[in-house]
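I have placed the structure first, in the form of structure tokens, so that the comments after it can refer back to it.
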Amino acid sequence: MISAQDLVEKILARSTTDDCIVVVNDKTQANLRWASSTLTTNGVIQLRSVTVIAFIAMNGSMASGAVTRTNVDERDIDALLAEASAAAHAAGPAEDFAPLAKDVSFGNWSAPHTPTGPEAFSTFAPELGEMLRRSQSDSIELFGYAEHTHQTIWVGSKGGMRLRHDSPVGRVEMTGKSHGRSRSTWDGVETHDFKDISISKIDKNIRQRLSWQEKKIDLPAGRYDTILPSGAAADIYVYMMWVAGARDAHEGQSVFSKKGGGTRVGEKLSNVGLQLFSDPSDSTLSGSPFVSAAASSPFTSVFDNGQKQGRVDWIKDGVLQSLLQTRASAKLTSLPYTPLGDNLIMKVDNGIGSLDDLVKKVDNGLLVTTLWYIRMVDPNTLLLTGLTRDGVYYVKNGEVQGATNNFRWNDSPVSALSRIVHAGATEWTQPREWAGDITSMAMPPLVIKDFNMSTVSPGS
Amino acid sequence: MITQVDQDFLALPLQSVSDAAISAATSLGASHVDVRIERTRTGYLSLRDAKPETQSDETNFGIGVRVIVNGAWGFASSPDVSDDSAKKLASTAVAMAKTSKPLSTEEISLVSEPVYANKTWVSAYEIDPFSVSDADKKDRLASLSSKLLASSSVNHTSAHTMYVKEQKHYADSAGTSTTQQRVRVQTQFEAISIGAHGFESMRTLAQPAGYGWEWMGNSIWNWDAEIEQLPSLLAEKVAAPSVEPGRYDLLIHPSNLWLTIHESIGHATELDRAMGYEANYAGTSFATPEKLGNLKYGSALMNVTGDRNTEHGLSTVGWDDEGVAAQRWDIVKDGVLVGYQLDRRIAARVNKDRSNGCAFSDSPAHVPIQRMPNVSLQPNPNGPTLEKLIESIEDGIYILGDKSWSIDMQRYNFQFTGQQFHRIKNGKIVGQLKDVAYQATTTDFWGALKAVGGPSTYVLGGAFNCGKAQPGQVAAVSHGCPAAVFDKINVLNTVAEAGK
């Protein structure tokens with residue numbers, strides 16, 4: 001295949017529109033999947049997407065049109081450019097128009113994509129094999145998934161943009177079941193390179209949680225002080241960010257809309273000193289320092305390609321600071337341009353200790369393992385619904401008393417911000433439901449007062 | 001009607017590339033090889049307040065090679081579709097199978113299927129959506145959005161359309177070789193009201209369908225008529241009282257019931273899932289294999305079929321992604337679980353003679369897995385009309401349109417909302433309600449099925465975005481159903497649930 005850089009240059013050289021941006025995304029991945037303690041599927045994947053965005057000056061504004069293909073060679077270029085140009089003409093002047101960045105560069109443009117492959121699992125796979133064998137002899141069934149991905153994004157433009165960003169990410173998920181599948185638990189770990197994955201730690205955690213389920217305690221639906229591990233907190237707070245568009249809020253269509261008009265920016269949302277931010281320079285969860293967008297959406301704009309992506313405080317000291325903006329929506333809402341970043345980090349002032357430490361602080365409540373099938377019920381309040389999954393534990397006087405039933409819950413992450421009783425230390429974590437969508441979240445475990453467990457679920 | 005696979009796809013070196021992969025993998029020791037060369041083009045256009053917001057046109061083209069070596073799977077894929085690439089992928093897939101073998105205790109085998117050589121199939125559609133100009137598509141959406149915006153009860157609108165053309169060449173080492181092309185379209189409009197009430201919305205009820213752009217005229221679905229009614233329905237909803245929580249008889253329209261079928265029957269009767277293959281991600285099922293033939297799933301009025309051959313169905317194909325011919329079978333008969341969804345590997349695991357053709361992969365980069373066929377609740381051949389169903393209810397709610405949905409990992413406890421909730425008293429609709437959600441356990445809910453509408457109430461609904469597996473895969477699927485009545489179902493008030 002033609003190199004990404006050559007492809008970008010050749011496309012730009014043949015573009016005849018007023019400007020043109022090319023986004024190439026090269027991705028390689030290796031994955032393993034297992035069930036009932038045996039490997040079930042595996043794969044080695046090589047992917048490329050090439051997006052050509054044509055820009056055409058029109059009535060003092062610009063139109064944009066984008067076409068994406070997975071495999072492009074030199075023979076395809078003219079057709080691709082013509083299709084992108086036609087799409088721009090059809091679209092007409094863009095609502096999200098803003099002047100395009102010129103002459104910006106970042107990263108080692110000329111270096112090739114570094115592929116990953118099965119070798120990423122060279123240490124992990126034998127250790128996993130041992131864990132699978134141990135589980136079989138101990139009547140534990142293991143189900144899980146491991147994935148390692150290398151992704152390189154190149155963004156080039158006729159206006160002199162030459163930007164490149166690499167992101168190596170991976171994860172392991174492990175579900176353990178025992179006693180005829182009547183007991184079930186889960187653990188999930190994020191990694192950059194699998195060198196820091198400890199199978200023995202995962203094994204220990206799975207076995208401890210399964211042993212906690214020896215004693216069963218039935219509990220009714222109701223409002224409980226609930227300990228959310230960092231991954232469960234990540235699941236509901238990434239959802240909150242997905243509805244944090246500034247234009248929606250400005251137009252009255254969001255939980256972040258102010259009654260009577262405008263947004264809730266400046267309003268205190270949390271009862272504690274809570275910081276929620278994105279920061280591409282974070283030492284563990286580094287992200288792209290520039291915006292790249294293959295298509296416009298309520299949260300991003302093709303016109304913003306190449307704009308600087310710095311730290312954005314979404315909530316600072318418990319007060320809503322920013323909403324997701326394009327430059328066009330920032331102008332509309334008279335708020336700063338605060339683009340969506342690659343990572344999301346929450347810290348609570350004085351939040352220290354692990355999940356186990358947090359359990360010791362709870363007199364009477366629930367410890368959940370993960371949240372699942374999370375969907376929005378009412379956008380006015382951002383009421384979400386979902387289930388608890390793979391273990392709910394009754395906690396009394398700071399100790400796990402035993403396992404209780406699963407629940408369907410109905411609660412709002414925005415409302416929950418004002419009901420934080422305790423918080424632990426922030427850690428890189430894996431959202432259970434959205435692990436395939438977002439890999440860079442750091443959250444503390446949280447204790448939420450009166451979390452609404454709406455009904456008992458017989459699922460286990 | 002389009003009857004031929006596009007020439008530019010047929011002109012690709014499909015046979016040469018698949019032969020190269022099969023030959024290379026076989027010579028390296030594979031006992032089974034299957035190859036998919038796929039090209040899926042997806043267009044998307046969204047308008048906000050009648051002006052374009054998102055536009056994309058994406059083509060996913062590539063090759064996937066899957067092998068069985070010494071009873072273990074191996075898989076590799078690439079966007080490079082050439083003889084050389086195919087040979088390399090075959091080698092990589094075989095290597096992956098050998099690497100995987102020490103981690104596998106299951107000896108992979110596939111049930112057999114007759115060989116289908118050089119077959120082609122095209123779904124039922126008339127107008128290739130990619131043959132319609134972007135401007136014409138935008139104009140159709142803008143025109144209908146503008147009609148909504150012209151109403152004083154509508155402050156904002158959103159509209160989107162997604163249209164897909166999927167072309168797939170499949171070949172395997174047994175000699176089957178199929179080339180297929182299918183098209184689907186999904187379009188929705190939403191009207192939004194903002195005021196002292198906060199904000200409230202209502203979306204069109206039109207379902208995604210296995211049609212071409214002819215779907216967007218008025219001859220199959222009357223868009224103009226639906227758009228004309230939407231503002232007044234929204235205004236009524238805004239002014240409607242909030243529901244009093246409690247138990248109500250529910251009359252559920254197919255535009256809502258398809259999703260309940262999807263979640264509580266469709267996923268629950270995937271046999272790979274019931275056996276635990278999805279336990280880490282999508283979940284398991286309460287309908288475990290030993291319950292086949294004896295689980296009372298619902299009332300005796302409940303008859304559910306699976307198929308891959310309903311015309312315009314989103315899961316409809318000629319052959320599945322393991323070369324199995326499309327079929328139709330019973331899943332629930334007279335309220336009892338009698339069938340599952342199978343692929344060739346899962347069929348072998350449970351000693352079935354044949355797969356019922358449910359293998360699908362959403363991309364050349366992903367392995368085929370067992371995915372959902374069209375799963376449909378059958379109407380009562382002599383059943384009542386919608387009007388008669390309404391007349392039969394003393395105290396209930398008529399629910400139309402899907403919105404929020406959630407179900408647990410064993411497919412027991414679910415909660416759904418909707419677009420429209422009409423109060424029924426003494427056989428008459430007396431006005432709308434709002435803030436309604438219904439919550440139940442699957443077998444209780446279907447056990448409460450007390451009336452099934454006749455053929456006149458039957459609609460084919462469905463979704464483009466059914467998720468399963470890791471890496472995640474997305475599939476389109478249809479669910480046909482009549483309107484149906486359920487006895488005393490638990491209804492929640494969503495505002496009260498939020499603690500307001």
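First the proteins, then the strands, lettered A, B, ... as listed; each starts at 1.
In this structure, chain A has no heavy atom under 4.5 Å from any part of B/Arg66. Contact of B/Ala282 with chain A is made through the backbone alone, with heavy-atom distances under 4.5 Å. In this structure, chain A has no heavy atom under 4.5 Å from any part of B/Leu89. Both the backbone and the side chain of B/Ala469 have a heavy atom closer than 4.5 Å to some heavy atom of chain A. For a residue to count as touching a neighbouring chain, one of its non-hydrogen atoms must lie under 4.5 Å from one of that chain's; by this rule B/Tyr44 does not touch chain A. With a 4.5 angstrom heavy-atom cutoff, B/Gln470 touches chain A via backbone and side-chain atoms both. If you measure heavy-atom distances from B/Arg39 to chain A, you find no contacts under 4.5 Å at all. For B/Pro102, the part lying under 4.5 angstrom from a heavy atom of chain A is the backbone only. Contacts of B/Thr92 with chain A are made by side-chain atoms alone, with heavy-atom separations under 4.5 Å and no backbone atom involved.
The greatest number of non-hydrogen atom pairs below 4.5 Å with chain B, out of A/Lys259, A/Met376, A/Glu251, is found for A/Glu251. Heavy-atom pairs under 4.5 Å with chain B were tallied for A/Arg133, A/Met1, A/Arg181; the largest tally goes to A/Arg181. Of the listed residues (A/Ser412, A/Ala91, A/Ser49, A/Gly129), the one with the most heavy-atom contacts under 4.5 Å to chain B is A/Ala91. Considering only heavy-atom pairs separated by less than 4.5 Å from chain A, the leading option among B/Gly64, B/Ala279, B/Gly198 is B/Ala279. Considering only heavy-atom pairs separated by less than 4.5 Å from chain B, the leading option among A/Ser254, A/Pro93, A/Ser184 is A/Ser254. Ranked by heavy-atom pairs under 4.5 Å with chain B, the list A/Gln46, A/Glu433, A/Arg48, A/Arg33 is led by A/Arg33.
Side-chain atoms of A/Glu95 and B/Asp49, non-hydrogen and from C-beta on, never get closer than 4.5 Å to each other. In this structure, the side chains of A/Tyr373 and B/Asp408 stay at 4.5 Å or more apart for every pair of heavy atoms. Between B/Asn413 and A/Phe407, the closest side-chain pair of non-hydrogen atoms is not below 4.5 Å. Using a 4.5 Å cut-off on side-chain heavy atoms (C-beta onward), B/Met409 and A/Thr370 make no contact. Within the 4.5 Å cutoff, the side chain of B/Gln410 has no heavy atoms near those of the A/Arg389 side chain.
Proximity of a side-chain donor or acceptor of A/Asn410 to a complementary backbone N or O of B/Ala498 within less than 3.5 Å is not detected. With hydrogens and angles disregarded, no donor-acceptor distance shorter than 3.5 Å links the side chain of B/Ser406 to the backbone of A/Ile374.
Considering every non-hydrogen atom in both A/Gln29 and B/Pro471, the closest pair reads OE1-CG, 3.7 Å. Across all non-hydrogen atoms, the minimal contact from A/Ser64 to B/Gln55 is O-OE1, 4.3 Å.
A salt bridge does not link A/Asp96 with B/Arg48: every distance from a Lys NZ or Arg NE/NH1/NH2 to an Asp or Glu carboxylate oxygen is 4.0 Å or more.
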List the steps and the verdict of side chain to side chain donor-acceptor pair (under 3.5 Å) for B/Ser100 and A/Asn42. CA-CA 8 Å; B/Ser100 304; A/Asn42 58 70; 2.9 Å; yes
